[in-house]
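Working notes, structure below.
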Amino acid sequence: MKKYVITGATSGIGEALTKHFSKENIVFAGYRNEEKLDNLKKISDNIIPFYVDYAKPETIAGAIDNIKQKTDKVDTLINVAGCVVAGATECISVSELRRQFDVNVFGAFELSQGLNPLLENGRIINISSMASYGIFPFISPYCASKRALDILFNAFSLENKRNIKVVSIKPGVIATPLWSKSVKENTETMDKCTDYKDESEYIVQNAFKNEKHGLNVQKVVNAVVKADRVKNPKPSYCVGFDSWAASVASKLPQTLLNKIIKSKVKKLGVKG
Ligand SMILES: NC(=O)c1ccc[n+]([C@@H]2O[C@H](COP(=O)([O-])OP(=O)(O)OC[C@H]3O[C@@H](n4cnc5c(N)ncnc54)[C@H](OP(=O)(O)O)[C@@H]3O)[C@@H](O)[C@H]2O)c1
């Protein structure tokens with residue numbers, strides 16, 4: 001049996017990965033909400049839950065100790081836990097920006113650093129996003145966090161002496177509760193952002209549409225399984241046509257790309 005650590009195991013992509021890998025492997029599964037613990041345990045006897053809340057960085061050291069007490073080897077760490085901080089850049093508070101980086105970057109970074117000694121010859125698979133291409137307005141904290149995650153872990157893949165391979169999975173829109181959670185978590189920012197009312201309304205409607213019409217989580221599971229299995233995984237994998245299109249668009253000259261995006265942003269403001 002191989003040993004996996006999966007964060008964000010209580011919902012969406014992380015839950016689907018936990019269900020998949022716990023069929024034949026031991027999975028250390030990260031949760032932040034006590035109320036979801038029973039459901040997590042019910043998935044399989046191969047699951048060992050561990051508590052971590054990246055919005056409370058003081059909980060990370062305990063999570064690392066907890067895992068280290070139970071194993072001296074991890075084959076694959078899958079960093080899934082994440083959230084979306086959204087809104088017009090001029091309305092986003094620094095504390096919200098900090099929360100975005102705490103959850104999407106610093107949490108994964110600290111947990112990975114703590115587990116590196118156990119990961120010799122293993123893999124770290126990060127669930128990044130097509131947002132890491134950085135071309136989406138009104139979710140700039142999210143884009144910045146995913147880009148930062150990719151840069152830090154790519155450097156780690158080049159530097160580390162433990163033969164740990166690192167993969168960034170970049171899904172496009174996936175149908176998970178992430179979208180409605182993001183609406184709830186960003187309501188305060190949007191409400192106070194009266195100069196961008198139309199744009200905020202668009203973001204909310206778009207989020208609900210994404211939750212309904214996004215790709216099935218299984219597409220991400222398939223990409224992770226491949227990245228985990230192949231001898232020499234690529235540094236990154238796009239999941240979905242939208243992600244591939246974002247990767248292509250991001251290679252356009254920035255002046256041209258900005259012109260295209262700005263014309264779309266203007267239309268949002270006009271339409272409401
Ligand atoms: N859905 C998409 O379209 C999409 C696209 C590209 C990339 N992604 C990325 O995929 C990853 C998983 O997202 P998802 O779509 O599966 O969303 P999800 O269903 O909301 O799952 C997110 C998971 O992260 C956990 N989490 C959130 N905040 C946390 C914190 N402060 N500390 C620890 N855990 C925390 C959640 O716990 P709770 O269950 O308690 O909320 C949940 O288990 C994220 O990194 C996201 O950025 C998603």
Side-chain angles (χ1 to χ4, degrees), residues 5-20 27-40 43 47 49-60 62-63 78-86 96 98-111 125-133 136 139 141-150 153 168-186 206-221 223-224 236-244 246-247:
V5 173
I6 302 177
T7 64
T10 48
S11 176
I13 294 168
E15 186 179 36
L17 287 167
T18 301
K19 281 182 180 157
H20 176 88
V27 175
F28 292 88
Y31 70 94
R32 65 165 170 167
N33 181 349
E34 242 10 93
E35 285 171 16
K36 295 192 171 183
L37 186 55
D38 278 348
N39 272 347
L40 189 58
I43 294 174
I47 288 175
F50 69 94
Y51 168 76
V52 71
D53 185 343
Y54 286 158
K56 298 175 186 151
E58 66 279 9
T59 65
I60 303 172
I78 312 179
N79 286 310
V80 187
C83 67
V84 180
V85 172
E96 275 299 275
R98 208 167 267 135
R99 182 173 70 87
Q100 179 73 95
F101 272 72
D102 274 339
V103 177
N104 286 15
V105 188
F106 303 147
F109 185 82
E110 191 177 341
L111 186 80
I125 301 177
N126 287 337
I127 306 301
S128 176
S129 167
M130 67 170 172
S132 66
Y133 294 113
F136 302 99
I139 51 165
Y142 183 65
C143 293
S145 72
K146 292 296 187 180
R147 176 75 71 89
L149 185 77
D150 280 0
F153 278 82
S168 165
I169 303 287
K170 296 178 172 52
V173 173
I174 310 295
T176 73
L178 181 79
W179 296 101
S180 43
K181 282 181 208 169
S182 79
V183 170
K184 205 170 153 202
E185 289 174 15
N186 293 297
N206 200 45
F208 288 132
K209 195 181 89 195
N210 287 344
E211 181 149 336
K212 228 175 168 183
H213 301 296
L215 287 181
N216 190 281
V217 282
Q218 192 55 39
K219 296 271 181 202
V220 186
V221 174
V224 172
S236 84
Y237 293 85
C238 288
V239 179
F241 176 79
D242 49 354
S243 181
W244 173 81
S247 80

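Note that ligands are numbered from 1 as they come in the structure, with each ligand's atoms numbered from 1 the same way.
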Report task. Could you please provide the protein residues found below 4.0 Å of ligand 1 on a heavy-atom basis, arranged by chain and number? Result -> Gly8, Ala9, Thr10, Ser11, Gly12, Ile13, Arg32, Asn33, Lys36, Val52, Asp53, Tyr54, Ala55, Val80, Ala81, Gly82, Val103, Ile127, Ser128, Ser129, Tyr142, Lys146, Pro171, Gly172, Val173, Ile174, Thr176, Pro177, Leu178, Trp179, Lys181
Query raised in the report: What are the two closest heavy atoms between Phe101 and Pro141, and how far apart are they?
Result: CE1-O, 4.1 Å
Report task. Check whether any side-chain N or O of Thr10 sits under 3.5 Å from a backbone N or O of Tyr31 as a donor-acceptor pair, and report yes or no. Result -> no
Report summary line: Sorted by chain and number, sequence neighbours left out, salt bridge (Lys or Arg N to Asp or Glu O under 4.0 Å) with Arg99 holds for Glu96, Glu185
Requested in this report: Mark yes when over 12 heavy atoms from residues, nucleotides or ligands other than Lys219 sit less than 6.0 Å from its NZ; otherwise mark no.
Outcome: no
Report task. Looking only at non-hydrogen atoms, find the nearest pair between Tyr54 and Ala81 and report the distance. Result -> CE1-CB, 4.0 Å
Query raised in the report: Does the Lys146 side chain pair with the main chain of Ile127, one donor and one acceptor, at a distance under 3.5 Å?
Result: yes
